[in-house]
Amino acid sequence: MNIKFYNTLTRQKENFNPIKSGEVSIYTCGPTVYDRSHIGNFRTFLFEDILKRILQLVGYKVKHVMNITDVDDKTIKKANDESKTLAEITSKYTAEFMEDLAMLKILPADEFPVATNHIQEMIVMISTLIKNGNAYTTDNGSVFFSIESYKDYGKLAQLDLKGLKQTERVSSDEYTKDHPQDFALWKAWKEEDGDVSWDSPWGKGRPGWHMECSVMSTQYLGNHFDIHCGGVDNIFPHHENEIAQSCAALNTQFVNIWMHSEHLIMADEKMSKSLGNIKTIPELLADGHSNESLRFALISSHYRSKLAFSNNKLEDAKKSVHRINELYHKLQKIADAGNTMPDEFDQFIEILVDDLNTPKALGVLFNYVRKLNRKIDNDKLSKKEASIGLNFLNKADIILSILKKQDDIPENIVQLVTQRESARKEKNWKLSDDLREELKKKGWIVEDLPDGTKCYPL
RNA sequence: GGCGUCGUACCCAAGUGGUCUAAGGGAGCAGUUUGCAAAACUGUCAUUCAUCGGUUCGAAUCCGAUCGACGCCUCCA
């Protein structure tokens, strides 16, 4: 099988060959736990989920590590603002993050290392960088990486250092640095850091942002691993700096393939009535969107394209998900056992392993859906064909995870439905219609299908 | 100022030199089905790919210009 991924480092699709045969090591940049992650963040996490599921489905053993950033400017600020300890803030938002991952059916990483548990290892790496002449200390006790000491600096982001604009942020930086673009490995303690600090050879302080990923990725996956993912905004400075640190300190090839997902953009004004323009997973679920719809909406465009998120998109996704589920339920009624796969399944996988072309793969799936529906309509679908179809949908769903499990219908609703059924048998249409209304008021839709009544939440 | 991305039907979205008179989903329209309603299913729906030039036997796909949208340039997935 020809697996290809687009590598940000080379800006082209490359054949994927893992370092260790049969195994894939993946490091994905996780959340900074200072607030609830929003749907945009989850676009990236879902892209990584799809990547992982595909690799697993085609037979790889995947080792996946996702970091949790639990100390930085924002987490400290939040703790200060709310007069809480850093740990109180970060544990709260870490827990919420885990909940949201589960709600979106995103498979958990094998490890979720947190920055504050790896401070000593970071100090070791910083010391190495100083020893190697790649970093220097300043009077106030900070440590900076000297980008001029690392010849490949700017390679990932394709930055020409000479062309860099002196931005306000850089020029207003209070630290004294040799080169404006030098970045912090260790930040000396400041007043507003409160009691957040660790001892180091350079005095009290805390690590710079990029250190944790350099340290934790290599600690859990080895100095050289297969894939490193994140959002496009991480390309620079985060991943660029990470490469500089890791390669300079460990003299390693570090990462073979860098994969980045594009941003999700809020397009529909209605969704952003308040400032901030963001939606969290619980908010979207409360708005009546299912986790399957959310998953579908996020994978219905390619991960390297910007995705304009809107209510309309979610409504479209809901209908698409419904269409697939409709066929699935029909097939379940017809199928008998068997584990044969249709040719379309091979196509489906081939398209997905070509840089995760989820929209195109969905096209194949829907063509298949129509094909089977046509046969069902003509009463020409054999039990065997139905089971083949069912196998395809089940297998595809190992990646997509958009098939709905049987909804748990509450007892009182079941009673009303049963009552309505008997009313219909007696052709008591008035009572039947009243009961349908009543169910609707309670948030349940009943449909009379040729082979029975179906009931599902509004 | 530097680097880079994108512009495909009413909406979403694949396709990146010939099989494209452009996949798929949604909406619309027509039909089948139905106690009613709804749903479901089927069919239909871009001679055209922002605009203008060029390269080529051949371009949505390559090159140039123009217009438009956007991202990054130190802590944002």
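Bear in mind the structure is a predicted one, so any value in this text is a computation, not a measurement. Order of the sequence lines fixes the chain letters, A, B, ..., with proteins taken first and strands second; residue numbering starts at 1 for each chain. We use all heavy atoms of the structure for the numbers below, so side chains are in, but hydrogens, waters and symmetry mates are not.
Below the 3.5 angstrom threshold, one finds a donor paired with an acceptor across the side chain of A:D316 and the base of B:G25. Counting atom types as modelled, A:R436 pairs no side-chain N or O with a base atom of B:A38 as donor and acceptor under 3.5 Å. Under 3.5 Å, the side chain of A:S432 and the base of B:G35 form at least one donor-acceptor pair of N or O atoms. Within 3.5 Å, no donor on the side chain of A:D233 pairs with an acceptor on the base of B:G71, nor the reverse.
Toward the 5' end of RNA chain B, the nearer of the two residues A:V446 and A:R11, judged by each one's closest nucleotide, is A:R11. Projected onto RNA chain B by closest heavy-atom contact, A:G40 and A:K371 fall at different nucleotides, the more 5' of which corresponds to A:K371.
A:K427 comes within 4.0 angstrom of no nucleic acid atom, judged by non-hydrogen atoms across all strands.
Look at the C1' atom in both B:A46 and B:C20: the space between them is 11 Å, to the nearest Å. Rounded to a whole angstrom, the distance from the P atom of B:A23 to that of B:A30 is 23 Å.
Applying the side chain to side chain contact (heavy atoms under 4.5 Å, CB included) test between A:Y6 and each of A:R11, A:H260, A:E14 identifies A:R11 as the sole match.
If you check B:A27 for Watson-Crick or wobble pairing at under 3.5 angstrom, you find it has no partner at all.
Stacking here means ring centres nearer than 5.5 Å and ring planes tilted less than 30 degrees, and by that measure A:F366 does not stack onto B:G24.
OP1 or OP2 of B:G43 sits under 4.0 Å from a side-chain N or O of A:R374.
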